[in-house]
J.: 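Here it is, the structure, as structure tokens.
Heavy-atom basis, side chains included; hydrogens, waters and symmetry copies ignored. Per chain, numbering begins at 1; letters A, B, ... match sequence-line order.
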Amino acid sequence: MQKPSIPKGTRDFGPAQVARRQHIFNVIRRTFESFGFAPLETPTLENLSVLTGKYGDEGDQLLFKVLNSGDFAKDVTAADLTVGSKALLPKVAEKGLRYDLTVPFARYVAMNRGTLTFPFKRYQMQPVWRADRPQRGRYREFYQCDADVVGTDSLLCEAEIVLMIAQVLNGLRLDKFTIKINHRGVLRNIYESLYAADSYLGEKGRENDLFVALDKLDKIGKDGVTKELLERGFFGNATDRLFEALEVSGSFEEKLKQLGAFFRKEGVVPDGMGDGSEDYRSLFELNQVRELLAASGFQHFDRLEFDPTLARGLSYYTGCIFEVKINNVQMGSVSGGGRYDNLTGSFGLPGVSGVGFSFGVDRLYDCLEALDLFTVTAETPTRCLITHFDQASGRAALPLLAELRAAGIPSELYPDASKLQKQFKYADAKGIPLVVIMGPEEVAARVVKIKIMASGTERVLPIGEVVKALTVE
RNA sequence: GUAGAUAUAGCUCAGCUGGUUAGAGCGUCGGAUUGUGAUUCCGAAGGUCGUGGGUUCGAGCCCCAUUAUUUACCCCA
């Protein structure tokens, strides 16, 4: 006999867990649909040509590749084996498991460009797979819930993302959250500010190294970031000015102004609208998002934070970027997203702007569990269990069973004529709130006894009035 | 890929410097109640101590290896 097991980083979900997960999905789905997003599903498998190169080198390594069917080794030569796995891969695998929902969506848009009505708004709730080392809040198979819009530059989309995030988290009663927002342009401007002045800082074109290090500021502090930048070839005098740039404080609006003043002081060339404090496009756009939110009646500006250090790993983002954390739980981000100007470009459809974001259902689940916020605990949807004693009473219960179901009350008849004690234990263990007792006495008198499990109270009703009495409650 | 921790009953875990027959709680099953759950009482079943080797008169405990799980780093939902 072998011990059964499931792959690392995957989970089974029992009935109680599924019920709680469905609750999360329902809150998200209702929110997405109320904002006009329509559902889309794409295959679990994508061609590797679609997936590779979209997530950076690290991302490519985390892709699950699927071995070709049949004799997958038939094209492999001895030479391939000596060159190594890189040369071997395209010969043995042409498909992979989807890594996120955004790239398959971009692929879908490019393939169906002729039939879609733009701007195209879709939501998608499906599992994705990453060959990561599992740890807290990190799984190899997990569900994402994405909502994206393609075909418009409007910053209303960004504002609505913030609205949806707040609506979902409030709907889940996870009200202690922080939505961090930044703009890739801000990061670019910061990078430029380091070069705009006279000092030489090291090799140019290493923007990503700067962003990655910057993103860790709140985790490893100034010293840690400085150390990491020096290791990556930036010179010492760069970091001082970097931290000067980041010393912004006050309201969302004030931070934008301070950063604009810093860029001008450092001689960063304006790329924006040219009206005073908004002559940097990134700052202008962030301010626009803020104004649109205010006009939409957004209630949670205390939970929206402009964070110029926020970077996010995925390399395809070009505009606003978001990240959401639950403050009172030790957990990675539960949601993230941003604008990508040219995601469909690599699929032959250039110049289409998209913006979207994603919820990590599994992390939301972990947060809700850590905060003990689940209200759904039932092991079964059954509301009513009919007990019986022998074949005759069991048979006599069937019309009532059908009647209950027709009335929309999920019901079941205990399948065996076991001891009543056993039937009651079954109802209790599964959290079934009502038990109908239908023994020979009840059948003879054309009545049933109904017990409300929570209170322990019982009453006797004529069999014809059962459904009516239960539907009133 | 790098580093650490853990592995004992279905689950969560005790188990003394290495010493007879490895324990508890919860859960399961049976009974107290031949027509009543959760509460109470009584009883029972359930363990090659992850696996393989070594040290020892003697190993759940010490040593080595191996596998699995898990935490952190990198990165990320």
Side-chain angles (χ1 to χ4, degrees), chain A residues 1-11 14 24 28 55-63 98-102 125-146 165 208 211-213 215-216 219-220 224 228 231-232 311-315 322-326 330-338 356-367 385 387-390 393 414 417-443 448-458 460:
Chain A
M1 188 191 83
Q2 60 158 356
K3 229 180 190 171
S5 63
I6 54 175
K8 195 191 300 233
T10 67
R11 282 93 26 89
I24 299 172
I28 294 172
Y55 310 108
D57 288 344
E58 299 251 10
D60 285 354
Q61 299 220 315
L62 296 179
L63 285 172
R98 74 168 98 77
Y99 178 90
D100 70 359
L101 300 177
T102 307
M125 310 201 297
Q126 289 187 280
V128 303
W129 291 266
R130 295 182 190 179
D132 225 345
R133 273 288 238 290
Q135 50 188 277
R136 178 197 298 283
R138 178 178 298 181
Y139 306 99
R140 290 186 142 183
E141 177 182 60
F142 61 99
Y143 275 73
Q144 290 193 325
C145 297
D146 276 39
I165 290 171
N208 263 319
F211 302 161
V212 168
D215 196 42
K216 296 180 201 163
K219 203 166 171 183
I220 60 178
E228 182 151 338
E231 281 169 5
R232 288 172 189 262
R312 291 190 53 74
L314 292 177
S315 50
F322 307 92
E323 187 162 282
V324 185
K325 289 209 165 186
I326 306 302
Q330 178 81 32
M331 179 67 59
S333 56
V334 296
S335 176
F357 76 116
S358 178
F359 284 109
V361 173
D362 306 83
R363 284 188 178 174
L364 287 172
Y365 184 102
D366 291 345
C367 288
L385 176 76
T387 61
H388 67 289
F389 295 72
D390 48 37
S393 56
Y414 195 85
S418 307
K419 284 175 54 173
L420 195 57
Q421 177 178 245
K422 190 162 184 182
Q423 303 189 49
F424 265 89
K425 279 191 173 176
Y426 175 84
D428 184 61
K430 292 207 163 192
I432 298 171
L434 290 169
V435 173
V436 168
I437 302 171
M438 196 146 184
E441 291 172 20
E442 286 82 2
V443 172
V448 296
K449 207 181 264 182
I450 298 175
K451 179 159 183 173
I452 298 167
M453 295 295 275
S455 61
T457 55
E458 290 185 354
V460 178

J.: Taking only residues two or more places apart in sequence or in another chain, which ones pass side chain to side chain donor-acceptor pair (under 3.5 Å) with A:Arg11?
T.: A:Asp362

J.: When the distance from NZ of A:Lys8 to C1' of B:rA68 is rounded to whole Å, what number comes out?
T.: 8 Å

J.: Has A:Lys216 got more than 12 heavy atoms of other residues, nucleotides or ligands less than 6.0 Å from its NZ?
T.: yes

J.: How is A:Phe359 classified with respect to the nucleic acid when contacts are heavy atoms under 4.0 Å: base, sugar-phosphate, or nothing?
T.: nothing

J.: Quick one: on RNA chain B, does A:Gln330 or A:Thr457 contact a more 5' nucleotide (nearest heavy atom)?
T.: A:Thr457

J.: Give RNA chain B the dot-bracket treatment, 5' to 3': Watson-Crick (N1-N3 with N6-O4 or O6-N4) or G-U (N1-O2, O6-N3) under 3.5 Å, [ ] crossing, | other strand.
T.: (((((((..((((.....[...)))).(((((.......))))).....(((((..]....))))))))))))....

J.: According to the interplanar angle, ranging from 0 to 90°, do the rings of A:Tyr426 and A:Tyr414 count as parallel (below 30°), tilted (30 to 60°) or perpendicular (above 60°)?
T.: perpendicular

J.: Atom CG of A:Asp215 to atom P of B:rC75: distance rounded to whole Å?
T.: 9 Å

J.: What is the distance from CE of A:Met331 to C1' of B:rA77, rounded to the nearest Å?
T.: 10 Å

J.: Taking the side chain of A:Met453 as heavy atoms from C-beta outward, which of B:rA72, B:rG37, B:rC75 is closest to it?
T.: B:rG37

J.: In whole angstrom, give the distance that lies between atom CZ of A:Phe322 and atom P of B:rC76.
T.: 18 Å

J.: Is it the case that the side chain of A:Ser393 and the backbone of A:Phe389 share a donor-acceptor pair, with hydrogens and angles ignored and the cut-off at 3.5 Å?
T.: yes

J.: Please pick, from B:rA72, B:rC75, B:rC76, the nucleotide with the shortest atom-to-atom distance to any side-chain atom of A:Arg130.
T.: B:rC76

J.: Using whole Å, what does the distance between atom C1' of nucleotide B:rU71 and atom CG of A:Asp366 come to?
T.: 15 Å

J.: Of A:Arg140, A:Arg138, A:Lys8, which meets salt bridge (Lys or Arg N to Asp or Glu O under 4.0 Å) against A:Asp132?
T.: A:Arg138

J.: Polar atom pairs between nucleotides 1-4 of chain B and protein, under 3.5 Å, N or O only, would you list them?
T.:
unit_1: B:rU2; atom_1: O4; unit_2: A:Arg133; atom_2: NH2; d: 3.3

J.: Measure all distances between protein nitrogen or oxygen atoms and nitrogen or oxygen atoms of nucleotides 29-35 of chain B, and list the pairs falling under 3.5 Å.
T.:
unit_1: B:rG31; atom_1: OP2; unit_2: A:Lys419; atom_2: NZ; d: 3.4
unit_1: B:rG35; atom_1: O6; unit_2: A:Glu441; atom_2: N; d: 3.3
unit_1: B:rG35; atom_1: O6; unit_2: A:Glu441; atom_2: OE1; d: 3.2
unit_1: B:rG35; atom_1: O6; unit_2: A:Glu441; atom_2: OE2; d: 3.1
unit_1: B:rG35; atom_1: N1; unit_2: A:Glu442; atom_2: OE1; d: 2.9
unit_1: B:rG35; atom_1: N1; unit_2: A:Glu442; atom_2: OE2; d: 3.0
unit_1: B:rG35; atom_1: N2; unit_2: A:Glu442; atom_2: OE2; d: 2.6

J.: Contact class for A:Ser333 (heavy atom, under 4.0 Å): base, sugar-phosphate, or nothing?
T.: sugar-phosphate

J.: Students often get this wrong, so: under 4.0 angstrom with heavy atoms, is A:Val128 touching a base, only sugar-phosphate, or nothing?
T.: nothing

J.: To the nearest Å, how far apart are A:Ile28 CD1 and B:rA77 C1'?
T.: 11 Å

J.: Any base atoms under 4.0 Å from A:Thr387, or only sugar-phosphate, or nothing? Heavy atoms, all strands.
T.: nothing

J.: Residues in side chain to side chain donor-acceptor pair (under 3.5 Å) with A:Gln126, at least two apart?
T.: A:Gln124

J.: Over how many whole Å does the gap from A:Leu101 atom CG to B:rC76 atom C1' extend?
T.: 15 Å

J.: Any donor and acceptor pair, going by atom type alone, linking the side chain of A:Arg136 with main-chain N or O of A:Met331 inside 3.5 Å?
T.: no

J.: Around atom CD of A:Gln135, are there more than 12 heavy atoms of other residues, nucleotides or ligands at under 6.0 Å?
T.: yes

J.: Got a sec, which residues hit ring pair (Phe, Tyr, Trp, His ring centres under 6.0 Å) with A:Tyr139, two or more places apart in sequence or on another chain?
T.: none

J.: Can you find a side chain N or O atom of A:Gln144 that sits less than 4.0 Å from OP1 or OP2 on B:rA77?
T.: no

J.: Which part of the nucleic acid does A:Lys216 contact within heavy-atom distance under 4.0 Å: base, sugar-phosphate only, or nothing?
T.: sugar-phosphate

J.: Need one value for A:Glu458: base, sugar-phosphate or nothing, where a base atom within 4.0 Å counts as base even if backbone is also close, heavy atoms only.
T.: base

J.: Without decimals, in angstroms, what is the distance between A:Ile220 CD1 and B:rA72 C1'?
T.: 15 Å

J.: For side-chain contact (heavy atoms from CB on, under 4.5 Å), just list the numbers for A:Phe322 and A:Ser335, CA-CA rounded to whole Å, side-chain angles, deciding distance to a tenth of an Å, and then say yes or no.
T.: CA-CA 8 Å; A:Phe322 307 92; A:Ser335 176; over 6 Å; no

